[in-house]
Amino acid sequence: MQKFVITGGRPLIGDVNIAGAKNAVLKQMAAATLTAEPVTLRNVPKISDVTTLREVMGDIGFELRRPDGHALEIVAREAPWPFIPLEAALKIRASFILLGPMLARFGRVILPNPGGDKIGRRPVDFHVDAMERMGATIVHRNGYYFASAPPDGLRGAEVTFPVVSVMGTENAVMAATLARGTTVIDNAALEPEVDDLIVMLQSMGARIARTGERRIEVEGVDTLRGTEHRVLGDRLEAETFAIAAATTHGDVTLHGIEPAHLGAFLEVCERTGVVVETDAATATVRVRGDATRSYRPIDIRTDPWPGFATDYQAPLTVLLTQAEGVSNVHETIFEDRLDHVRHLRRMGANIEVVDERRARITGPTSLHGAEVEIADLRAGATLVLAALVASGTSVISGIEHVDRGYEQIEAKLVAIGARINRIEA
Ligand code: EPU
């Protein structure tokens, strides 16, 4: 087991290259199974979720090769073993994204219900409903979904999501690309990662258009072709480093991130007083903290894009512990995403849990080092951020959760002046 040992209190200064987005690349790997031709993805982050999905796809019978560090070549000629074991799905819930493309292309797939995780129940009913509307038969037995398409393939359908769902939208779009006729998806997700997937699918020959505010129309085609696609920059990694720069009163320039993709996070920076300069032409964002002025408290609630992302919520809390006054955070997407609070309290934060979705943060507080354990990815980034601003040394275990979504976080932090070591425990 590995741990991070972090000694905080240093301003972080320098440049950081932002990796490709976890929440885009996993779906794009799945999209590569929609064609028998080779697909090359560029800007693929070196994170363990990619490795895990690569293993899952390899076991199904697809060929995956990493010719250089950040490229990934995928050839999905056939699927001799269209089965995803529970053990793999527990590690990577996003493996459920293979449902839509594999049903559309190969007509069947067996995959487990990944169940809940540390941030909430995370059901998959929207995915299942969407596929059934397109003609699929899905039998749930012994924890597995046995999904099959009719002999003549999936058919276009009207799909309306009761709640905006990122992966639900992506599964429906991918299934629809090879279905007969037109699929209309309403209450669809608008996240930049969904659009990046659509761009990739269009380059493969898919006919997809956004025809209304939350409407996507897909006209099915017979086959798709191979493509080469560059994964967009990871807005969640960018935001993590932005908060590190702000809380440590540093000065960090992020490269490889489209400023528009930071969306509501930029507004939050403005409201709290974090100085941000963006340059869309060079895809850079510079974030500075001013030690002579205190940050302002804010009230935020999480929402689907273009609202404030649930994934930013926990990391932002660290900034709010440094703001002068009372801030309120309302998590509306997942029912159990305040687990970081008890750890931040142990580090000296003044946070009251109002109910399971609401927290009240009173600042500013001086955080101090502590021994803490990470239970999920974004909570993990949050504890790393807290340790970077805390006085003294923190020891953080459970860092494999951070490795799921952050490429070499400690190397990037060391390069901008942090004192962080990965140790074998
Ligand atoms: N939901 C259902 N039924 C479903 C699907 C979703 O009730 O069949 C509910 C969820 O429980 C949640 C809401 O709908 O309350 C929205 O969930 P969504 O489907 O949008 O989440 P997701 O697609 O499973 C992705 C990201 C998450 C991110 C959420 C919200 C990936 C691989 N994961 O999950 O990212 O928090 O969208 O934006 O894209 C992370 O990166 O740390 C992470 C958890």
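No hydrogens, no waters, no symmetry mates; every other heavy atom, side chains included, goes into these values. Because the structure is predicted, anything quoted here is derived from the model rather than measured.
Looking at Arg210, its side chain never comes within 3.5 Å of a backbone N or O of Ile216 through a donor-acceptor pair. In this structure, Arg105 contributes its side chain and Ala79 its backbone to no donor-acceptor pair below 3.5 Å. Side-chain atoms of Asp279 never come within 3.5 Å of backbone atoms of Thr284 as a donor-acceptor pair (strictly under, hydrogens ignored). No side-chain donor-acceptor contact under 3.5 Å links Asp186 to the backbone of Thr160. Remark: side-chain polar atoms of Thr33 are not paired, donor with acceptor, to backbone N or O of Met102 under 3.5 angstrom. At distances below 3.5 Å, at least one donor-acceptor pair connects side-chain atoms of Arg345 with backbone N or O atoms of Ile351. Side-chain atoms of Lys412 come within 3.5 Å of backbone atoms of Asn17 as a donor-acceptor pair (strictly under, hydrogens ignored). A donor-acceptor pair is defined here as one N or O able to donate and one able to accept, closer than 3.5 Å; no such pair exists between the side chain of Asp49 and the backbone of Gly405. Counting only distance, with no hydrogens or angles, the side chain of Thr365 and the backbone of Thr321 share a donor-acceptor pair below 3.5 Å. A donor-acceptor pair is defined here as one N or O able to donate and one able to accept, closer than 3.5 Å; such a pair exists between the side chain of Asn171 and the backbone of Gly100.
Residues Gln313 and Thr302 bring no donor and acceptor atom of their side chains to less than 3.5 Å of each other.
Between Leu344 atom CG and Ile361 atom CD1 the span is 9.0 Å, to the nearest 0.5 Å. The distance from the OG1 atom of Thr7 to the CG atom of Asn421 is 8.0 Å, given to the nearest 0.5 Å. Atom OG1 in Thr382 sits 9.0 Å away from atom CD1 in Ile374 (nearest 0.5 Å). We find the CD-CG distance between Gln28 and Leu201 to be 8.5 Å, quoted to the nearest 0.5 Å. The structure places CG of Leu99 at 10.5 Å from CE of Met167, a figure rounded to the nearest 0.5 Å. One distance of note links NE2 of His255 with OG1 of Thr253; it measures 5.5 Å at 0.5 Å rounding.
Residues Met200 and Thr227 form a side-chain contact, since some pair of their non-hydrogen atoms from C-beta on lies under 4.5 Å apart. Taking 4.5 Å as the limit, every side-chain heavy atom of Val384 sits out of range of all side-chain heavy atoms of Tyr406. In this structure, Val50 and Arg66 have side chains that are in contact, with non-hydrogen atoms separated by less than 4.5 Å. With a 4.5 Å cut-off on side-chain heavy atoms, Ile333 and Pro304 count as touching. Counting heavy atoms from C-beta on, the side chains of Lys118 and Asp339 never come closer than 4.5 Å. At least one side-chain heavy atom of Arg42 sits under 4.5 Å from a side-chain heavy atom of Thr40. Met29 places none of its side-chain heavy atoms less than 4.5 Å from the side chain of Leu98. Side-chain atoms of His229 and Val39, non-hydrogen and from C-beta on, never get closer than 4.5 Å to each other.
Taking both residues in full, the closest heavy atoms of Gly256 and Ile18 are given as O-CB, 4.1 Å, listed atom of the first, atom of the second, then distance. For the pair Leu316 and Phe308, the tightest heavy-atom approach, listed with the atom from each and the gap, is CD2-CZ, 3.8 Å. Minimum heavy-atom separation, Pro315 to Leu385: CB-CD1, 3.7 Å. What you find for Leu86 and Asn113 is that their closest heavy atoms are CD1-O, 4.0 Å. Residue Ile119 comes nearest to Phe334 through the heavy atom pair O-CB, 3.2 Å, listed as atom of the first residue, atom of the second, then distance. Here the closest heavy-atom approach between residue Ala387 and residue Ile396 is recorded as CB-CD1, 4.1 Å.
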Under the side-chain contact (heavy atoms from CB on, under 4.5 Å) criterion, do Val414 and Ile420 qualify, and how do the steps go?
-> CA-CA 7 Å; Val414 164; Ile420 170 170; 3.8 Å; yes
What do the steps show when you test Thr248 against Arg10 for side-chain contact (heavy atoms from CB on, under 4.5 Å), and what is the final call?
-> CA-CA 6 Å; Thr248 64; Arg10 271 190 159 183; over 6 Å; no
Any chance you could lay out the salt bridge (charged side-chain N to carboxylate O under 4.0 Å, His left out) test for Arg77 and Glu63, step after step, and finish with the verdict?
-> CA-CA 8 Å; Arg77 278 195 195 89; Glu63 293 160 40; 2.8 Å; yes
From CA spacing to verdict: side-chain contact (heavy atoms from CB on, under 4.5 Å), Leu262, Tyr312 | CA-CA 10 Å; Leu262 293 178; Tyr312 296 152; 4.2 Å; yes
Before giving the answer on side-chain contact (heavy atoms from CB on, under 4.5 Å), spell out for Asn23 and Val166 the whole-Å C-alpha distance, their side-chain angles and the decisive distance to 0.1 Å.
-> CA-CA 9 Å; Asn23 289 348; Val166 173; over 6 Å; no
Take Arg65 and Glu73, measure what salt bridge (charged side-chain N to carboxylate O under 4.0 Å, His left out) needs, and give me the verdict at the end.
-> CA-CA 5 Å; Arg65 244 174 31 90; Glu73 285 173 7; 2.8 Å; yes
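Within 6.0 Å of CD in Glu277 there are more than 12 heavy atoms belonging to other residues, nucleotides or ligands. Sparse packing is recorded around CD of Glu324, with 12 or fewer heavy atoms of other residues, nucleotides or ligands lying under 6.0 Å away. More than 12 heavy-atom neighbours from other residues, nucleotides or ligands sit within 6.0 angstrom of CZ on Arg271. A 6.0 Å sphere centred on CZ of Arg207 holds no more than 12 heavy atoms belonging to other residues, nucleotides or ligands.
Aromatic ring centres of Phe106 and Phe62: separated by under 6.0 Å.
Salt bridge Arg235/Glu193: present, at least one basic N to carboxylate O contact under 4.0 Å. With salt bridges taken as basic N to acidic carboxylate O contacts below 4.0 Å, one links Arg286 and Asp251. Residues Lys46 and Glu407 are not paired through a salt bridge, judged by the lack of any N-O separation under 4.0 Å between the basic side chain and the carboxylate. Remark: Asp311 engages Arg337 in a salt bridge, criterion side-chain N to carboxylate O under 4.0 Å.
In this structure Phe96 satisfies the ring-ring contact (aromatic ring centres under 6.0 Å, His included) test together with His127, Tyr145, sequence neighbours excluded.
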